[in-house]
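What you see is a predicted model, and the numbers here were worked out from it, not measured in a lab.
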Amino acid sequence: MSEPSRPAAARSTAAMIFAALGHPARLALFEGLADGRPRSIKELTWDLASDPLIAPDGLTRQGVTRHLAALEGAGLVEARRAGRERRFALRRQGAAEAQVFLRRVETQWDAALQRLAAQLDADVESVAEAGAEAEEE
C-alpha cells in the first residue's frame, strides 16, 4: 500500500486538528494555553470553571484530562513532567499546521470569489448592452 499524497496527508492532519478543536472545552483549553504559559491539570480545570460555555457542564479534572489527551493526540499540546505534575503547553507546530491549511483554503476561496466577481461584472455588462440595444430599437 502506498503512502498518502502530501495534500491528502495535510487534510488528514487538518481533520484531526479541527476535530480536536471542535469541542468547546478543548477550544477553551487551546485558547487558554495560547499565552505560552504551561499549566497543570488543576490550573486548567480552575481556568475552565470561569468559562460560561464550559462551567455549566461542571468539567472535572478527569474531563479536562480526556480533553487534553484529544488535543495531545492531534499534536496541539504537549505535556512535560514537573515533579509530580504534568504541565501542558501549546505545541506551536500543531497550531502552524492548522494555519497552513486555513491559508490554503482562504486562497482557494479568494480565487473563487474573484472568478465570481468577474462573471458578475461580465453579466452586468451584457445586461447593460442588451438594455441599450433595446432602447435603440
Side-chain angles (χ1 to χ4, degrees):
M1 186 176 216
S2 66
E3 288 197 19
S5 68
R6 188 173 199 104
R11 276 193 308 275
S12 177
T13 299
M16 287 177 26
I17 289 170
F18 292 115
L21 293 174
H23 189 282
R26 291 192 291 266
L27 189 58
L29 285 166
F30 182 79
E31 184 180 15
L33 290 169
D35 66 4
R37 195 180 59 136
R39 291 190 195 60
S40 68
I41 291 173
K42 179 181 178 181
E43 292 169 312
L44 290 166
T45 303
W46 182 258
D47 290 348
L48 287 180
S50 63
D51 189 313
L53 291 175
I54 310 304
D57 292 339
L59 204 56
T60 64
R61 286 186 192 184
Q62 291 81 11
V64 171
T65 300
R66 282 194 305 274
H67 289 303
L68 287 168
L71 291 171
E72 197 171 11
L76 292 169
V77 300
E78 58 189 359
R80 294 212 170 110
R81 278 256 172 234
R84 293 180 5 188
E85 291 183 325
R86 289 178 67 202
R87 299 191 64 76
F88 291 84
L90 191 70
R91 187 175 162 269
R92 301 249 180 244
Q93 180 62 30
E97 289 170 358
Q99 286 177 325
V100 166
F101 179 82
L102 289 173
R103 272 192 223 105
R104 190 171 64 241
V105 171
E106 179 183 27
T107 299
Q108 292 169 346
W109 270 99
D110 286 346
L113 289 172
Q114 287 174 356
R115 288 190 306 272
L116 177 61
Q119 183 62 50
L120 289 173
D121 288 343
D123 289 351
V124 166
E125 284 181 30
S126 294
V127 169
E129 288 173 6
E133 289 175 5
E135 285 180 8
E136 289 176 4
E137 293 179 2

TODO: Using the rule that two of Ile, Leu, Val, Met, Phe, Trp, Tyr join whenever any of their side-chain heavy atoms come within less than 4.5 Å, decide whether Met16 and Phe88 are in one cluster.
DONE: no
- [ ] Check Gly94 against Ile17 and note the closest heavy-atom contact, atom names and distance.
- [x] O-CD1, 3.5 Å
Open item on the list: For the CG atom of Leu113 and the CD atom of Glu106, what is their distance to the nearest 0.5 Å?
Closed with: 10.5 Å
- [ ] Quick one: pull up CH2 in Trp46 and CZ in Arg61 and give me the separation to the nearest 0.5 Å.
- [x] 11.0 Å
Task: Partner of Leu90 by side chain to side chain contact (heavy atoms under 4.5 Å, CB included), out of Asp35, Leu29, Leu33, Leu71 - done: Leu33
For residues 75-86, tabulate all N or O donor-acceptor pairs below 3.5 Å that involve a side-chain atom, not counting sequence neighbours.
unit_1: Arg81; atom_1: NH1; unit_2: Arg84; atom_2: O; d: 3.2
unit_1: Glu85; atom_1: OE1; unit_2: Arg87; atom_2: NH1; d: 3.4
unit_1: Arg86; atom_1: NH2; unit_2: Glu72; atom_2: OE1; d: 3.4

Task: Closest approach of Glu97 to Thr13 (non-hydrogen atoms, all atoms of both residues) - done: OE1-CG2, 3.2 Å
Task: Heavy-atom pair with the smallest gap, counting every atom of Gly36 and Pro38 - done: O-CD, 3.3 Å
Open item on the list: To check you understand the geometry: which heavy-atom pair defines the closest contact between Arg26 and Ala70, and what is its length?
Closed with: CD-CB, 3.6 Å
Open item on the list: Check whether Arg39 reaches the backbone of Gly32 with its side chain - one donor and one acceptor, N or O, closer than 3.5 Å.
Closed with: yes
TODO: Report whether Trp109 and Leu102 are members of the same hydrophobic cluster (ILVMFWY, side-chain heavy atoms less than 4.5 Å apart, transitive linking).
DONE: yes
- [ ] Report the distance from atom CG of Leu27 to atom NE2 of His67, rounding to the nearest 0.5 Å.
- [x] 11.5 Å
- [ ] Return the set of residues passing ring pair (Phe, Tyr, Trp, His ring centres under 6.0 Å) with Phe101 (not counting sequence neighbours), or none when no residue passes.
- [x] Phe18
TODO: Check whether the side chains of Asp110 and Gln114 place a donor and an acceptor atom closer than 3.5 Å, and report yes or no.
DONE: no
Open item on the list: Among residues at least two apart in sequence or on other chains, which ones pass side chain to side chain donor-acceptor pair (under 3.5 Å) with Ser40?
Closed with: Glu43
